[in-house]
Amino acid sequence: MRVAEVLQIKGNLLFTVGPDTPMRQAVRTMAEEDIGSLVVIEEGEICGLLSFREVMQLLNDKERLTEEPVSLYMNTQPLLVTPDTEIDALRRMMLERHARYVPVVNQSRELMGVLSFYDVAKAVLEDKGFENDMLRAYISGSDRERVTAEGSS
């Protein structure tokens, strides 16, 4: 399974902010839209990622939300993947980098979507469930064929 397949299921609704967006406004957007991250875009390019991790760090440091810009708190080197990335490789990268959210970009580095660890886990679980159902159907079909063949001898 590849990232492109998960994006198709999830959809590609995106929420982005500019680096000058005040933190208070960015957090409000995250809360209102029930999302865990915002991709930070400047002049059409990804320049960072703001997630709950950075918001929690801000609250720990300042004990309140501020009007300071997102650029002061965003992750400036988020993990980026392409639609061709294999899900198993993505899971490994997310675990190694402690990344809960990963922007997906095409060859031109154009943003195509964001996958969360939840999205990846859900896709893997559904894929394994489908495989299990297919195996059960195959085994059940094989048993029926054997019983039918034994009964007609």
- Looking only at heavy atoms, which two atoms of Leu65 and Val55 are closest? And how far apart? CD2-CG1, 4.5 Å

- Message: Under 4.5 Å between side-chain heavy atoms, counting indirect links through other Ile/Leu/Val/Met/Phe/Trp/Tyr residues: same cluster for Phe117 and Met112 or not?
- Response: yes

- Item | Atom CZ of Arg109 with >12 non-hydrogen neighbours under 6.0 angstrom | no

- Side chain proximity check, Asn106 to Thr82, heavy atoms < 4.5 angstrom: no

- Query: Could Lys62 and Glu68 be called an ion pair, given the rule that one side-chain N must be under 4.0 Å from one carboxylate O?
  - Reply: yes

- Message: Could you check whether any side-chain heavy atom of Val102 comes within less than 4.5 Å of a side-chain heavy atom of Leu90, counting everything from C-beta outward?
- Response: yes

- Note on the structure: Value for CG (Leu115) from CE (Met94), rounded to nearest 0.5 Å, stands at 7.0 Å

- Gly113 versus Leu14, closest heavy-atom pair with distance: CA-CD2, 3.2 Å

- Would you say the side chains of Thr29 and Glu32 form a donor-acceptor pair under 3.5 Å? no

- Message: So which atom in Tyr101 and which in Gly36 form the shortest heavy-atom distance, rounded to 0.1 Å?
- Response: OH-CA, 3.2 Å

- Indicate if Leu95 and Val81 have the same hydrophobic cluster label, given that clusters are the connected sets of ILVMFWY residues with side-chain heavy-atom separations under 4.5 angstrom. yes

- Item | Heavy-atom side-chain proximity of Pro69 to Met74 below 4.5 angstrom | no

- Query: When you measure from the side chain of Glu96 to the backbone N and O of Met93, does any donor-acceptor pair fall under 3.5 Å?
  - Reply: no

- Message: Just so I know, are the side chains of Ile87 and Val3 near enough to count as touching, which here means a heavy-atom distance under 4.5 Å?
- Response: yes

- Query: Linking I/L/V/M/F/W/Y whenever their side-chain heavy atoms sit closer than 4.5 Å, directly or via other members, would Leu13 and Tyr118 fall into one cluster?
  - Reply: no

- Item | Donor-acceptor under 3.5 Å (Arg2 side chain, Asp84 main chain) | yes

- Message: For Arg53 and His98: C-alpha separation, side-chain torsions, deciding distance, then whether side-chain contact (heavy atoms from CB on, under 4.5 Å) applies.
- Response: CA-CA 10 Å; Arg53 176 179 286 143; His98 297 260; 3.9 Å; yes

- Task: Grab the two heavy atoms, one from Pro103 and one from Leu111, that are nearest each other, plus how far apart they are.
- Result: CB-CD1, 3.9 Å

- According to a 4.5 Å side-chain heavy-atom criterion applied to Ile, Leu, Val, Met, Phe, Trp and Tyr, with indirect links allowed, do Phe15 and Leu7 form part of one hydrophobic cluster? no

- Task: Could you tell me whether Lys122 and Asp119 have a side-chain N and a carboxylate O separated by less than 4.0 Å?
- Result: no

- Message: I'd like to know whether CD of Glu110 has more than 12 heavy-atom contacts from other residues, nucleotides or ligands below 6.0 angstrom.
- Response: no

- Task: Report the distance from atom CD of Gln57 to atom CG of Asp61, rounding to the nearest 0.5 Å.
- Result: 4.5 Å

- Query: Ser37 and Val114: side-chain contact (heavy atoms from CB on, under 4.5 Å), yes or no, with the steps?
  - Reply: CA-CA 9 Å; Ser37 69; Val114 176; 3.8 Å; yes

- Message: Would you compute the distance between atom CG of Leu72 and atom CG of Leu50 and round it to the nearest 0.5 angstrom?
- Response: 11.0 Å

- How far does CG of Leu38 sit from CG of Leu49, to the nearest 0.5 angstrom? 8.0 Å

- Ile46 side chain reached by Leu80 side chain, heavy atoms, under 4.5 Å: yes

- Does a sphere of radius 6.0 Å around CD in Glu63 hold more than 12 heavy atoms from other residues, nucleotides or ligands, not counting ones at 6.0 Å or beyond? no

- Message: Please evaluate residues Met56 and Leu58 with respect to the criterion side-chain contact (heavy atoms from CB on, under 4.5 Å), reporting the C-alpha separation (whole Å), side-chain torsions for both, the decisive distance (0.1 Å), and the verdict.
- Response: CA-CA 5 Å; Met56 292 295 108; Leu58 165 65; over 6 Å; no

- Arg100, CZ atom: more than 12 neighbouring heavy atoms under 6.0 Å: no

- Closest non-hydrogen atom pair between Met23 and Tyr73, with its separation: CG-CD1, 3.6 Å

- Message: Strictly distance-based, threshold 3.5 Å: is any side-chain N or O of Lys10 a donor or acceptor partner for the main-chain N or O of Val120?
- Response: no

- Query: Counting N and O atoms only, with roles assigned by atom type, does the side chain of Glu54 sit under 3.5 Å from a partner on the main chain of Ser51, one being a donor and the other an acceptor?
  - Reply: yes

- Item | Shortest non-hydrogen separation from Ala123 to Val6 and the atoms involved | CB-CG2, 3.6 Å

- Query: Would you find a donor on one side and an acceptor on the other, under 3.5 Å apart, between the side chain of Arg97 and the backbone of Arg92?
  - Reply: no

